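No hydrogens, no waters, no symmetry mates; every other heavy atom, side chains included, goes into these values. Predicted, not measured: the structure shown is a model, and the values here were computed from it. Here is how names work: the chains are called A, B, and so on, in the same order as the sequence lines, proteins then strands, and each is numbered from 1.
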2 protein chains.
Amino acid sequence: MFSVSARTQYAIRAMAHLARLEGKSATAADIASAQGIPLKYLEGILSRLKLSGLVESERGKNGGYRMQGRAQDVSMLAIVEAMDGSVKPVSCVDSAASCAQGRACLPRKFWIGLKSAIDAYLNEHSLKDIVEGDQV
Amino acid sequence: MFSVSARTQYAIRAMAHLARLEGKSATAADIASAQGIPLKYLEGILSRLKLSGLVESERGKNGGYRMQGRAQDVSMLAIVEAMDGSVKPVSCVDSAASCAQGRACLPRKFWIGLKSAIDAYLNEHSLKDIVEGDQV
DNA sequence: GTATATTCCTACTATTCAGATAGGAATATA
DNA sequence: TATATTCCTATCTGAATAGTAGGAATATAC
Ligand code: FES
Ligand code: FES
């Protein structure tokens with residue numbers, strides 16, 4: 001229950017890899033072989049990370065990916081959301097209008113609270129905590 | 001991300017239905033029609049709730065399901081776990097031995113912390129909060 | 001003791017989604 | 001021009017979720 005996708009776990013490893021390079025860039029192939037991630041799958045992951053502004057890329061020869069910003073400024077929430085979208089225990093959690101049960105939905109506040117609890121935890125932790133290992 | 005199964009949502013509605021009966025019993029068919037849940041699907045849900053000791057059942061004519069205990073003693077965690085098992089952001093979260101990354105897994109403590117945060121929230125809330133609507 | 005209402009059990013189907021793979025177009029460097 | 005790279009699109013596969021179907025077991029009522 002509440003399991004995290006392989007994609008997100010890969011993304012965290014990829015970001016941790018880039019974080020350790022301190023601004024230098026790495027190619028997708030570098031990351032894939034170092035982290036044991038299927039290259040073609042990783043490409044899709046890096047593409048999403050780029051869309052969310054967490055990495056920037058350069059193509060052509062000598063191209064690669066570079067982390068944006070400092071590790072302590074990259075929240076785990078940002079990485080998770082870049083992969084699988086925002087936390088939504090129920091699909092209608094952030095728009096009451098789309099609630100099937102409408103005004104009569106008793107668990108609504110409960111779900112909103114759950115989302116808040118998860119978001120808060122993910123937002124309190126940064127890539128730095130991961131890279132440094134036992135900060136959590 | 002982190003969405004809850006239809007099964008769990010159905011289970012909550014079914015439990016809320018039973019909670020409002022204050023110890024009286026209802027048949028699966030009653031609950032199904034009142035809550036708009038497919039009967040045959042609901043039967044499987046009630047079976048799991050029974051396995052976890054959240055409801056008890058009586059079969060044959062005049063049979064049905066009855067909630068065990070008071071609504072404030074039924075944690076939401078119990079319901080969620082009865083449906084989809086324990087909270088596991090990563091499958092190895094509760095046995096370091098099964099960790100693919102082993103001792104070298106940097107995010108491990110982070111995942112354990114996430115599980116704790118979710119478990120705590122779910123455990124702090126009871127069926128009573130749901131039935132009463134805006135306690136959350 | 002027969003009809004009926006119910007839980008309970010097993011198996012099946014359909015749909016969706018995650019994970020992965022494949023091939024190649026666009027682009028930058030040497 | 002050759003090469004290394006990102007980037008784009010399409011496809012395949014396996015597993016899980018949601019739902020369906022049929023009937024066996026069991027308790028009650030008449
Ligand atoms: S129907 Fe939207 S939260 Fe319940
Ligand atoms: S491999 Fe088990 S927590 Fe990372």
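- Within the 3.5 Å criterion, the main-chain N or O of A:Gln35 finds a donor-acceptor partner in the side chain of A:Arg13.
- For A:Asn62, the side-chain contact (heavy atoms from CB on, under 4.5 Å) test picks out no residue, with sequence neighbours left out.
- Scanning residues 2-10 of chain A for heavy-atom distances under 4.0 Å to DNA chain D yields an empty list.
- Few gaps surround CD on A:Glu56; more than 12 heavy atoms of other groups in view lie less than 6.0 Å from it.
- In plain terms, the two heavy atoms of A:Val93 and A:Arg108 that are nearest each other are O-NH2, 3.5 Å.
- Residues from residues 23-46 of chain A with heavy atoms under 4.0 angstrom of DNA chain D, sorted by number: A:Thr27, A:Ala28, A:Lys40, A:Glu43.
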Identify every side-chain donor-acceptor pair in residues 36-55 of chain B under 3.5 Å, counting partners at least two apart or on other chains, and give the distances.
{"from": "B:Arg48", "atom 1": "NH1", "to": "B:Met83", "atom 2": "O", "distance (Å)": "2.8"}
{"from": "B:Lys50", "atom 1": "NZ", "to": "B:Ser57", "atom 2": "OG", "distance (Å)": "2.9"}
{"from": "B:Ser52", "atom 1": "OG", "to": "B:Arg48", "atom 2": "O", "distance (Å)": "3.3"}

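- Rounded to a whole Å, the CE atom of B:Met83 is 16 Å from the C1' atom of D:dA16.
- Side-chain contact check for A:Asp84 and A:Thr8: at least one donor-acceptor pair (N or O, by modelled atom type) lies under 3.5 Å.
- The shortest non-hydrogen separation linking B:Ile130 to A:Leu106 is O-CB, 3.3 Å.
- Checking side-chain atoms of A:Lys115 against main-chain N and O of A:Val87 turns up a donor-acceptor pair under 3.5 Å.
- In this structure, the ring of B:Tyr121 has its center no less than 6.0 angstrom from the ring center of A:Tyr121.
- For DNA chain C, the contact window with chain A, defined by any atom under 4.0 Å from a protein heavy atom, covers C:dG19 to C:dA30 in 5' to 3' order.
- At a threshold of 4.0 angstrom between heavy atoms, the contacts of A:Ser57 are confined to the sugar-phosphate backbone, with no base atom among them.
- Between the CD1 atom of B:Ile79 and the CD atom of B:Glu81 there is a distance of 11.0 Å, given to the nearest 0.5 Å.
- At least one donor-acceptor pair under 3.5 Å links the side chain of B:Asp30 to the backbone N or O of B:Thr27.
- In this structure a side-chain-to-backbone donor-acceptor pair under 3.5 Å is missing from A:Ser95 to A:Cys92.
- DNA chain C is contacted by both A:Lys61 and B:Lys50; B:Lys50 maps to the nucleotide lying nearer its 5′ end (nearest heavy atom per residue).
- In this structure, B:Ala16 and B:Leu127 approach most closely via the heavy-atom pair N-CD1, 4.1 Å.
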Pairing string of DNA chain C (Watson-Crick or G-U wobble, both atom distances under 3.5 Å; | = paired to other strand) is ||||||||||||||||||||||||||||||
